[in-house]
Number of protein chains: 2
Amino acid sequence: MLRNSITLKKIAIKLNVSISTVSKALKDSHEISADTREKIKAYARINGYRPNSIALSLKNQKTKTIGIIIPDIVNDTFSKVIEGVDQIAKKKGYNIMISSSNESLEKEAYNLKTLSDSQTDGFILSLSKETMLNKNYNHINYTIKSGIPIVLFDRVSDDIDCDKVIVDDVKGAYDATNLLIQKGKKNILLITTEDHIIVGKLRTQGYERALKNNDIKLDQALILKVDGDDRSEKFFFNLEKLILNTFKNNSQINGVFAVNDEYAGIVLRALKKLNLSIPQDVSVVCFTDGVISRFSSPSITAVRQHGIEIGRNSATKLIERIENDDNHNLPYRVDVISTIIIEREST
Amino acid sequence: MLRNSITLKKIAIKLNVSISTVSKALKDSHEISADTREKIKAYARINGYRPNSIALSLKNQKTKTIGIIIPDIVNDTFSKVIEGVDQIAKKKGYNIMISSSNESLEKEAYNLKTLSDSQTDGFILSLSKETMLNKNYNHINYTIKSGIPIVLFDRVSDDIDCDKVIVDDVKGAYDATNLLIQKGKKNILLITTEDHIIVGKLRTQGYERALKNNDIKLDQALILKVDGDDRSEKFFFNLEKLILNTFKNNSQINGVFAVNDEYAGIVLRALKKLNLSIPQDVSVVCFTDGVISRFSSPSITAVRQHGIEIGRNSATKLIERIENDDNHNLPYRVDVISTIIIEREST
DNA sequence: TCAAATTACTACAACGTTATAGTTACTTTA
DNA sequence: TAAAGTAACTATAACGTTGTAGTAATTTGA
């Protein structure tokens with residue numbers, strides 16, 4: 001906070017006019033004579049007057065700030081969403097406040113509460129795993145009901161009535177699986193999370209649907225459901241062993257679809273140990289087009305979610321609702337950001 | 001903003017007391033009788049009264065908000081710093097505002113200006129490439145002089161007088177290069193950026209120092225200086241070709257030190273094409289312990305910068321200065337966060 | 001020539017909060 | 001029994017802004 005910042009009052013005293021006069025002059029009001037106007041504007045310019053936005057927020061009951069609450073900050077996909085929100089926010093004169101829920105329901109609710117205390121005009125939020133697991137959406141529904149708009153993205157819920165921006169996980173997974181099948185790989189290993197992680201569940205559905213549409217029998221032995229919450233070194237070490245074993249017991253596998261790029265990275269490691277060549281022996285596709293997909297060897301064909309677009313779309317929607325005076329009459333919209341497959345060396 | 005939010009005034013009217021009474025009762029002032037106090041507190045509790053933080057900010061001339069301005073949001077290292085800042089900020093009751101400078105001087109200055117308009121009590125900032133290139137720090141020095149504390153991290157400058165949190169890039173690079181030498185790899189290819197990117201320059205110095213200390217002659221042919229600003233697909237494709245060529249012309253190379261994990265990822269790709277095995281034929285080490293280092297095959301030995309610690313340290317320093325009434329008398333401190341080497345399969 | 005209109009300002013309230021300075025009414029104290 | 005003290009409140013100003021309403025002084029019009 002500028003200690004020696006200049007205010008309307010200080011200008012008024014200095015120039016021997018009233019505060020109102022200064023305020024109006026700076027707004028080019030015709031109520032103020034050209035002479036006075038110029039004098040005031042010149043003084044303000046020279047002294048670097050900038051309106052105090054806290055005072056404006058209090059007066060206007062608008063903070064021009066939007067809050068983002070995400071489960072994890074250190075995450076490529078979420079970072080891209082923030083980037084997208086930042087782009088739109090900047091353009092529309094909004095600032096963004098960030099807070100991480102750390103996949104915890106309690107922290108998510110706490111952040112929502114504290115940031116709601118007149119600090120933000122609205123929220124962009126992706127549900128924490130714990131929130132989804134407990135299906136406890138009271139904090140969110142309460143916030144919406146009290147008049148603060150929320151846009152949910154990616155991890156959403158049908159039990160919350162609000163604007164949403166989602167990725168068509170089923171279709172993305174379907175396309176990815178289908179690509180493998182088109183390349184002649186019909187024995188496809190799926191590496192996914194347990195069902196309580198909704199995106200894992202949906203991507204599994206896409207996989208299953210692709211097999212069905214191509215008359216390929218579903219083989220439960222080729223579906224590895226792992227603990228989606230664990231991202232420790234040990235977990236990935238065990239995952240590698242699990243993959244190795246699966247390949248040993250199912251030598252017919254010639255394709256792998258992983259629901260995220262971390263799992264795909266581990267797959268590559270396992271395949272290397274098995275001396276299987278990619279994509280000749282086994283083709284690999286994954287969801288999430290992040291740095292792992294781009295920089296691994298071979299680079300991995302991936303389903304790109306357009307995180308930046310998700311962020312831009314969410315921000316646009318939110319700001320529209322914030323600035324629409326009777327936003328309660330605006331029907332809630334759900335936008336599906338379509339995915340595309342970025343083909344790389346692994347297929 | 002809560003439309004129907006409850007204020008002291010509303011409580012006062014409802015309970016037929018003055019606003020002052022309500023304010024004092026909620027603060028457990030002994031000036032208010034136990035009876036009235038309880039009545040007011042009960043009413044406030046039931047109606048979910050929460051003080052309006054904008055009004056408090058205006059009154060106290062403190063926003064309890066810190067601004068983070070970073071060159072790039074979608075970046076593992078910066079994300080970790082944000083995470084660290086978030087941890088400390090939450091603990092001390094601060095919120096964080098985020099803005100990306102996109103490596104642009106103009107945007108950096110703009111963000112600093114708008115967020116300074118009474119929205120933030122202080123800043124945590126890492127210089128954009130353009131800012132460093134132009135050596136234009138007016139916006140930053142101006143902000144500091146006007147009383148808003150700034151903590152610089154990672155990309156800092158001697159021309160700015162403020163608290164700083166840095167990584168010992170020279171030592172990290174020295175250690176990394178030294179590790180290769182200890183493993184018997186004395187012909188080490190360095191992949192670095194041009195000198196105007198300070199961290200690239202410092203890491204190059206560490207490489208050179210390690211060679212010198214081990215009486216290894218510096219071979220300019222083994223130093224690739226690439227355009228650190230370019231991160232396009234095409235650039236990395238060309239980088240791969242450049243690396244391939246360098247290996248063809250310098251068959252003695254048996255170690256590689258890359259100043260970031262992206263370059264290291266490309267190195268792995270090139271080595272694979274050359275049919276060189278890692279770490280037997282060539283060992284690889286890089287700066288930046290991100291997802292690429294962890295998930296590539298083989299996993300890459302990396303210099304970990306402790307981004308979270310950088311964030312925690314910066315936030316602690318900043319908040320200390322914000323809350324210290326005469327922070328001008330506090331001498332500026334520079335903390336060096338030491339790096340460690342995470343050994344993996346590539347060495 | 002005097003009411004009406006216009007010009008160029010100022011005063012005030014409000015946004016929500018808190019600290020300081022009153023103001024009652026009642027209770028001590030000498 | 002009157003001065004002093006205390007308990008339990010209320011009023012006011014201030015943080016920085018803006019919009020509405022008000023007020024002089026001057027100019028216009030018939």
Side-chain angles (χ1 to χ4, degrees), chain A residues 1-41 44 47-65 114 116-121 146-147, chain B residues 1-41 43-44 47-65 114 116-121 147:
Chain A
M1 179 112 359
L2 280 167
R3 296 189 182 298
N4 51 352
S5 72
I6 185 135
T7 64
L8 294 183
K9 194 178 180 181
K10 288 182 187 163
I11 299 179
I13 292 170
K14 198 81 186 181
L15 300 184
N16 228 318
V17 291
S18 75
I19 298 177
S20 318
T21 303
V22 179
S23 171
K24 285 176 181 165
L26 293 176
K27 293 203 132 44
D28 266 325
S29 162
H30 56 91
E31 282 183 69
I32 310 299
S33 70
D35 247 32
T36 316
R37 232 185 308 171
E38 279 319 310
K39 196 177 59 183
I40 291 173
K41 283 168 77 176
N47 291 277
Y49 169 78
R50 317 207 78 227
N52 179 310
S53 59
I54 292 290
L56 284 173
S57 294
L58 184 60
K59 182 111 197 23
N60 302 332
Q61 301 288 86
K62 295 253 170 188
T63 58
K64 284 260 179 184
T65 297
T114 52
S116 299
D117 294 338
S118 315
Q119 303 205 50
T120 32
D121 294 342
S146 69
Chain B
M1 179 114 356
L2 280 167
R3 297 190 182 297
N4 50 350
S5 72
I6 184 134
T7 65
L8 295 184
K9 195 178 178 181
K10 286 182 188 164
I11 300 181
I13 291 171
K14 199 78 185 180
L15 300 185
N16 227 320
V17 291
S18 76
I19 298 177
S20 320
T21 304
V22 178
S23 172
K24 285 177 179 165
L26 294 177
K27 292 201 133 44
D28 266 324
S29 163
H30 57 90
E31 284 184 68
I32 309 300
S33 70
D35 247 32
T36 316
R37 234 184 307 171
E38 279 319 309
K39 196 176 61 182
I40 291 174
K41 284 168 75 177
Y43 186 87
N47 291 276
Y49 170 78
R50 317 206 79 227
N52 179 312
S53 59
I54 291 290
L56 284 174
S57 294
L58 184 60
K59 182 110 195 28
N60 303 332
Q61 300 288 85
K62 294 252 171 193
T63 59
K64 283 268 185 177
T65 298
T114 50
S116 299
D117 295 338
S118 316
Q119 304 205 50
T120 31
D121 293 341

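Lettering follows sequence order; numbering is per chain, from 1.
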Integer-rounded Å distance: D:dC9 C1' and B:E38 CD: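 About 17 Å, once rounded to whole Å.
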Separation between CG of A:D28 and CD of A:E38, rounded to the nearest 0.5 Å: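 The CD atom of A:E38 is 7.5 Å from CG of A:D28, to the nearest 0.5 Å.
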Interatomic distance, B:L56 atom CG to A:I54 atom CD1 [nearest 0.5 angstrom]: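 So the CG of B:L56 and the CD1 of A:I54 are separated by 10.5 Å.
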A:D117 and B:S53 side chains, donor-acceptor separation under 3.5 Å: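 No, no side-chain donor-acceptor contact under 3.5 Å.
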Side-chain donor-acceptor pair present, B:T21, B:S18, cut-off under 3.5 Å: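 Yes, B:S18 and B:T21 have a side-chain donor paired with an acceptor closer than 3.5 Å.
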Per-nucleotide protein contact string for nucleotides 8-18 of chain C, where B marks a base within reach and S marks sugar-phosphate only (heavy atoms under 4.0 Å, - for neither): BBBBB-BBBBB
Partner of B:V22 by side-chain contact (heavy atoms from CB on, under 4.5 Å), out of B:T36, B:L15, B:I11, B:T7: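 Going through the options one by one, the only one that passes is B:I11.
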